[in-house]
Structure formats: C-alpha cells, structure tokens
Amino acid sequence: MQLLIIHADDFSYSLTGKTPVAEEIDKSAVTDTVSFFEEPLVVFCTVEKGDAKNNEDIVKQAFTEIKDIADKLKPRIIIVYPYAHLSNSLADPRLAVSTLESLKNEIAAFYPVYRAPFGWYKSFKISCKGHPLSESSRHITYLSEEEQANMPVKTSVNRKTREDIVKDVESEFFILNFDGKETKIDLKNESILEDKSLQGFPSLRKVIAYEEFKIKEGETPPSVSAMRRLEIADHEENSDSGHLRFYPKGTLLFKLLSDWAEDIALNRLNCMEIETPLIYNWNKPEIKGQGESFHERHYSILVPDEKSETGRFAPSKEFVLRFAGDFGLFSMLKDTKMSYKHLPLRFYEISKSFRYEKSGELAGLRRLRGFTMPDIHSFCLNLEEGFNEYQALYRTYADLAEGTGIEYAVVFRIVKEYYEKYKDKIVELLKYSKKPALIEVLSKMKHYWALKHEFQGVDSVNGSCQLSTVQLDVEDAKRYGLNFTTETGEKAGCIICHSSVGAIERWMYLIIEEALKKDIPVFPLWLSPTQVRIIPVSEKFNDVAVKLKEEIGGSDIRTDIDDRDFSLGKKIMFAEEEWVPYIAVVGRKEAESGVLSIRNRYKDRKNFNIDKADFIKEIKDETKGMPYRKLILPDMLSKRPIFVG
RNA sequence: GCUGGCGUAGCUCAAUGGUAGAGCAGCUGAUUUGUAAUCAGCAGGUUGCGGGUUCGAUUCCCAUCGCCAGCUCCA
C-alpha cells in the first residue's frame with residue numbers, strides 16, 4: 001500500500017463522473033456537490049496487488065503510520081482519499097474498497113475520519129501547509145515476524161524511540177588529568193567551573209561552560225564578517241541558507257586543508273580511498289532507519305515520473321542527499337569478502353554531507369547545511385585491535401590540531417563497563433596530547449559506540465564546536481552485516497572505528513577565529529593565501545618586482561605584486577588588512593643591493609633586511625611538511641577583480 | 001522551528017511621513033610615491049521582496065525572505 005499524506009489548511013473535492021470500477025454510493029452525493037474540509041490530514045491511498053496477503057496487518061501498519069503523524073500534527077479530520085496514481089500495481093477494486101474501509105474504521109476509534117468514494121473521477125483542491133511534516137509518503141508492506149526480526153533497522157511498527165533508549169541511561173562526569181588523577185564533578189553545580197581540577201586548563205573550562213552550562217557570550221563570532229571581508233566565504237543568496245560560496249582565497253584554504261586531511265589518511269595511515277554517491281534511495285529501510293536517528297532532517301530529491309507525460313515528479317521514487325558518510329562505505333563492504341587476515345582495514349572518503357539543520361542553528365562557517373567531511377573508518381578483528389586503532393587515530397588527530405595552532409579541549413564519552421576496563425589506555429592518550437579531559441561515563445549503551453571522544457574547538461567568543469572525533473563501534477557491524485571470516489571459517493562482526501578529523505569548513509572557522517584572538521591576526525603561514533606581497537615604491541620598479549616575484553614564487557611560495565597606482569603607504573595598509581604575513585618593499589635600494597626589506601606581520605612584527613635566499617629558506621622551513629598549492633588569482637593586483645567591497 | 005535585533009550604493013554607515021546622504025572601493029585625469037589612507041572630477045539607489053494605510057511610505061502597519069543572537073537541537 002502506498003500513502004501520500006498531506007497536512008492542509010483546507011481540502012475540497014467534488015465528484016465529476018463514474019469510472020467502471022466505481023463503488024455504489026448514496027444517491028444524494030450527486031455530481032457537482034463540493035465537500036469541504038478545514039485543517040485536514042489528507043491521506044492519498046493506493047492499495048496494491050500484494051496487499052491481499054495479510055491484509056489486516058497492512059491496514060494496521062498503515063493505521064500506525066497515519067496515527068503517528070496525526071498525533072504530531074493534530075488535524076481536525078483525517079480524510080482517506082483513494083488515489084490510484086501512487087503505484088502501477090493496483091489491487092483488485094473490491095479489495096481496495098474493503099481495505100480502505102477497514103483503514104477508515106481503524107482510524108475512527110481515534111480521530112474524526114472521512115472516506116472519499118472509490119472509483120469516481122473527482123476534482124480536488126488542496127492547500128498544503130508546507131511545514132516540514134506537512135508532506136510525507138509511506139510504503140506499507142507486510143513482513144513476517146521472522147523478516148521483521150531480520151530487518152537491519154527497526155521496522156516502522158513497534159519502533160523503540162530514541163527517547164525511550166536515552167531515558168534510562170545515566171551519566172556521571174569526571175575530569176581525568178593526564179597524570180591519571182580523576183576528579184568526580186557535579187555538572188548540576190556551576191561552581192565546579194572554579195574547581196581546582198580545572199585550574200590551569202582554560203580551554204577545557206570554556207568547553208564545559210559552553211557545552212554543559214550553556215554559558216553564551218551572545219556575540220557574533222567575528223569570523224562571520226571576517227570571512228567576507230577577507231574574500232574567503234560568503235552567503236549564496238541563490239542557494240538555501242547554510243550553503244556558502246567560496247572565493248578563490250577561501251577555495252585555496254579549503255583545498256589546502258583537504259589536501260592535508262588526505263595526506264594524513266593516505267600517507268600516514270595508509271587508508272584505501274573510495275568515493276560513493278551523494279544520493280541514496282529513501283525507500284531502502286537501512287537508509288530510512290538512519291534518517292530517523294537524524295530526526296529526518298535531510299534534503300529530499302524528487303525525480304521526474306517517466307510514466308507521466310505532464311512532467312510530474314514520481315511519487316514513489318525519492319532520494320535523499322547523504323547526511324552522513326557511512327552509507328556508501330557500508331553498502332560496499334556488505335558485499336566485500338573480508339578475512340581475519342585482511343584486518344585491520346582502513347578506508348578514507350572525503351565528501352559533502354547535507355543536513356537540514358533548523359534555521360536558527362546555522363552560524364557562519366561553524367554550522368552549515370552542506371559541509372565537507374573527511375571520514376576514516378577502520379574495521380578491526382576484536383576489541384583489542386579496535387582499541388589500538390582508536391589510539392592511532394587519536395594521536396593522529398591530536399597532531400593535526402597542534403599543526404594548525406587552534407585552541408581545543410578533549411571530551412570522552414564512554415560506557416561504564418568499558419571505562420573500568422580501559423581507563424589506563426585513555427590516560428595514555430591524554431598524556432600524549434598533554435591535556436586533561438572531561439569524561440562522561442554512561443551507565444549503559446546509548447548509541448552504537450562504547451567509547452568516543454571529541455576534540456572541541458574553542459572560538460574567540462568562548463563558544464565551542466566539535467572537530468575531530470573517533471568512535472569505537474561495537475554494534476553496527478551486526479546491524480549492517482559487515483562480517484569477516486574467522487580462522488575457523490565462521491562469520492564474525494567487525495569492531496568499527498568511525499572517525500573524522502572534522503568538517504573542513506569548521507577548520508576554516510576555527511582557524512579564522514584563532515587568528516582573531518590575536519591583536520594582529522594572521523593565518524598560519526602554510527595557509528596564508530598570499531605569503532609574500534611585493535610592493536614596488538613606484539611604477540618604475542615594477543620590473544624589479546616582477547623579477548623578484550619569479551625568484552620567490554618559483555620556490556613554491558605564494559607571491560603577488562601590488563602594482564596599482566596607490567601611494568606606498570596605502571598599499572602597505574591594504575596588505576596589512578589582507579593579513580599578508582610578509583611584505584617586501586622594492587625600490588632603488590633593493591634593486592642595487594639585492595637585499596630585501598621585509599615588513600613582517602607573521603612573527604614579531606619587526607621589519608628586517610634579509611638576503612633573498614635566506615628569506616626563501618625561512619619560509620620553506622616554516623611551511624615544511626605542509627601542503628602547498630598555488631593561489632589561482634592574477635599575480636598583479638591591478639588585474640584582480642574585487643569580489644567583496 | 002520559537003523569541004528578539006537587524007536589512008538604505010560593491011563595502012561601512014547616516015537621514016527623513018514630502019527631491020535619499022557621506023566615507024571607502026570603482027571609473028577618468030593629475031601624481032611616481034620608501035613602510036597603515038596623494039589630489040580633483042565622474043558615476044553609483046525600485047531603501048531585501050510583496051501587500052496595506054496615506055494626497056504622498058524608504059519611514060507607519062501586515063506578511064514574507066535573509067542575516068545575527070538566545071531557546072531548542074546537535075545519532
């Protein structure tokens with residue numbers, strides 16, 4: 001059975017004629033009489049061939065789905081409206097009428113209900129409310145009990161809600177220091193923020209204040225306007241909100257960070273890189289099941305109905321934009337033969353994910369509806385190997401966070417039995433990153449993971465957002481059928497480490513925020529769009545500037561020339577406003593001596609004279625081991641368009 | 001999504017129930033500059049979009065979109 005359910009402001013229909021399969025109805029319901037309903041939930045129903053078998057269960061399931069929606073939306077009346085066009089495999093009309101009648105009777109026990117006559121041509125008018133829940137479709141099929149038990153995801157009937165699971169999980173909180181000292185803290189009491197266990201750890205204190213006590217500054221993070229002014233990223237008015245456009249400088253930043261995530265995954269961790277589709281079939285139970293845990297906040301994609309000549313969308317075909325990175329990989333591995341000899345296996349994928357975040361939640365580069373996640377998944381033999389992987393990933397991500405100089409704190413969340421067993425290993429990790437952590441100990445499994453941690457980045461207004469995470473997953477392998485063959489030839493589920501260094505956009509956010517914490521903001525040198533700006537004192541020295549640019553730029557250092565007709569002072573000002581780390585002024589002195597005069601924003605802000613070769617070496621040393629890309633903009637500033645005023 | 005704030009030139013921001021204004025950026029000309037703003041001129045607008053009240057609305061009202069903050073949310 002197919003259902004298309006619409007919550008409407010009003011709905012009206014009238015009969016326009018009989019079809020050969022029309023049911024007999026009361027003679028008073030003559031053609032042209034309009035039936036009008038206010039605030040209805042209109043359920044367009046198509047009874048299909050397969051619905052004959054276990055008809056009662058089908059009706060019950062359909063009823064459960066409808067009641068579920070009606071309970072949320074509280075319509076004044078539910079209209080069961082026969083609608084043959086949702087399927088191309090229609091049931092026998094007699095079965096259809098009886099099925100719809102039973103459905104109506106089920107609903108009648110809870111809600112006012114009306115059933116439109118079957119088999120008549122009808123004209124109708126509907127005004128859909130248009131809120132997120134106002135339109136939905138359901139496909140009801142019968143599953144035997146055995147099939148229900150084997151479904152990878154809970155079926156829509158008898159669904160245990162997230163609230164039910166979370167309800168009876170209790171949390172305890174500790175501060176665990178890297179010397180192994182553990183302090184139990186009471187997160188109901190704000191005074192713990194002044195506790196001595198947090199003294200000397202301002203970042204962790206800020207994260208606890210923001211995440212657990214919801215202490216907000218109420219200020220716009222300065223990166224929101226800086227990202228525009230610096231021509232990094234901007235809102236795109238012709239897209240949905242929460243989707244940004246990146247100017248060349250922002251694109252460079254984005255790509256450098258992506259290169260770096262990729263380099264770590266492929267060269268340091270030897271992951272296999274894969275690429276999987278962006279859209280998935282919403283009618284697949286494993287996709288829909290995951291969607292429910294994301295509160296169904298996804299983008300839907302409709303496709304043309306190839307059977308229709310009017311160019312309508314196909315009502316029974318719906319895709320979703322991926323809202324997490326696991327689908328494609330899991331789907332691939334479900335069909336992959338894995339032996340214990342292959343493990344551990346590591347996979348890397350970088351891809352955009354889309355989540356329809358509520359409008360009030362969006363914020364600059366911190367929270368978007370479309371964002372780019374590099375994901376690493378490790379598939380492991382057993383808990384021990386899983387833990388080794390976990391540690392390797394943790395260490396890698398800790399190195400990365402250090403590499404950008406951003407401020408962050410560590411939060412672990414762990415199920416009690418695992419904490420007792422693995423506490424020492426966590427201390428080892430904290431010792432590695434030389435940071436204490438907030439530990440949440442859960443009384444029992446709340447999610448699929450037994451253990452996870454987050455690196456929470458701290459912005460310049462004491463807000464925080466999650467960056468890297470690693471999750472030790474002890475359940476999903478069974479759920480998704482990700483098995484390997486053991487030494488004795490049996491099937492066993494993998495232990496999975498899900499991990500991500502964090503959305504690229506968030507790294508950009510925190511890097512801009514970190515810069516703005518300083519009196520003289522500047523990006524890490526390897527990320528600066530322009531690393532060296534050459535300013536000729538007058539047009540006469542443009543040739544000297546070009547020659548110098550070729551020498552420095554030839555060493556893979558992003559160099560450009562401000563050849564515009566401004567005074568020297570003004571060009572210096574523009575370069576400083578752009579956060580250019582090194583400014584080389586060239587005039588007669590430089591042309592004659594070959595020594596460079598450098599204005600330095602990057603380190604101590606002192607001007608210095610330096611030999612060309614030494615200068616190049618200094619920059620190369622400073623950016624060693626980090627990705628390099630050219631800035632794709634004209635070298636001459638006089639040739640550059642102005643993207644933002 | 002809810003509550004509040006904001007939306008005027010490319011940017012930052014004025015003003016007003018009665019012809020919408022400045023600085024910067026842009027363009028033209030002059031200037032050829034030594035470490036954070038050279039001078040002059042020109043051009044730039046359906047005051048977010050849509051309604052209403054009014055002789056007249058950018059201003060008042062309603063609705064809507066967007067941005068920001070708070071709430072909520074963040075498997």
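Letters go in sequence order (proteins before strands), and every chain restarts at 1. It should be emphasised that the depicted structure is a prediction, and the values quoted were computed from it without experimental measurement.
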Grab the [atom1]-[atom2] distance between [X] and [N] for me, whole Å please.
X	N	atom1	atom2	answer
A/I215	B/G70	CD1	P	13 Å
A/Y509	B/C68	OH	P	11 Å
A/E578	B/U35	CD	C1'	16 Å
A/M227	B/C67	CE	C1'	10 Å
A/H235	B/C65	NE2	P	17 Å
A/D562	B/A25	CG	C1'	14 Å
A/R367	B/C74	CZ	P	9 Å
A/D563	B/U33	CG	C1'	15 Å

Residues two or more places apart in sequence or in another chain: which of them pass side chain to side chain contact (heavy atoms under 4.5 Å, CB included) with [X]?
X	value
A/E514	A/I406, A/E407, A/K517
A/K612	A/L548, A/E551, A/L596
A/A261	A/Y348, A/P374, A/V501

Please measure how far the [atom1] atom in [N] lies from the corresponding atom in [M], and state the result in whole Å.
N	M	atom1	value
B/G21	B/G44	C1'	13 Å
B/U19	B/C24	C1'	26 Å
B/U46	B/A57	C1'	13 Å
B/C65	B/C49	P	15 Å
B/A15	B/A22	P	15 Å
B/U58	B/G48	P	10 Å
B/U33	B/C39	C1'	13 Å
B/C74	B/G4	C1'	23 Å

Exercise. Could A/R479 and A/E286 be called an ion pair, given the rule that one side-chain N must be under 4.0 Å from one carboxylate O?
Worked result: no
May I ask you to say what [X] touches in the nucleic acid, namely base, sugar-phosphate or nothing, with a heavy-atom cut-off under 4.0 Å?
X	result
A/E590	base
A/R229	nothing
A/P536	nothing
A/K589	base
A/S241	sugar-phosphate
A/E219	sugar-phosphate
A/R297	sugar-phosphate

Problem set entry | Backbone N/O of A/K452 and side chain of A/R413: donor-acceptor pair under 3.5 Å | no
Quick one: side chain to side chain donor-acceptor pair (under 3.5 Å) partners of [X], sequence neighbours excluded?
X	value
A/K540	none
A/R76	A/E38
A/E219	none
A/S300	A/E318

Please write out the pairs of protein N or O atoms and N or O atoms of nucleotides 4-14 of chain B separated by less than 3.5 Å, giving the distance to one decimal.
from: B/G10; atom 1: O2'; to: A/G645; atom 2: N; distance (Å): 3.1

Using the side-chain heavy atoms of [X], tell me which of these nucleotides is nearest: [options].
X	options	result
A/K216	B/C68, B/U35, B/G70	B/G70
A/I642	B/G34, B/G70, B/G26	B/G26
A/V585	B/C73, B/U32, B/G34	B/G34

Exercise. Closer to the 5' end of RNA chain B via nearest nucleotide, is it A/R355 or A/R369?
Worked result: A/R369
Exercise. Starting at the 5' end of RNA chain B and moving along, which residue's nearest nucleotide shows up first, A/G360 or A/Q471?
Worked result: A/G360
Problem set entry | Under 4.0 Å protein heavy-atom contact, by nucleotide of nucleotides 36-44 of chain B - B base, S sugar-phosphate only | BBB------
Exercise. Side chain to side chain contact (heavy atoms under 4.5 Å, CB included) with A/I557: which of A/L525, A/T530, A/V532?
Worked result: A/V532
Exercise. So which of A/I287, A/N283, A/I279 actually passes side chain to side chain contact (heavy atoms under 4.5 Å, CB included) with A/F319?
Worked result: A/I279
Seminar exercise, completed: Residues pairing under side chain to side chain donor-acceptor pair (under 3.5 Å) where one sits in residues 207-216 of chain A, two or more places apart or in two chains, turn out to be A/E211-A/S464
Seminar exercise, completed: Stems field, RNA chain B, Watson-Crick or wobble, 3.5 Å, at least 3 pairs, by first number, holds B:1-7 with B:65-71, B:10-13 with B:21-24, B:26-30 with B:38-42, B:50-52 with B:60-62
For this session: Check the surroundings of atom NZ in A/K352: do more than 12 heavy atoms from other residues, nucleotides or ligands lie under 6.0 Å from it?
Result: yes
Side-chain atoms of residues 321-332 of chain A: list all donor-acceptor pairs with protein atoms under 3.5 Å, sequence neighbours left out, distances to 0.1 Å.
from: A/R322; atom 1: NH1; to: A/S351; atom 2: OG; distance (Å): 2.4
from: A/R322; atom 1: NH2; to: A/T276; atom 2: OG1; distance (Å): 2.6
from: A/D326; atom 1: OD1; to: A/H377; atom 2: NE2; distance (Å): 3.1

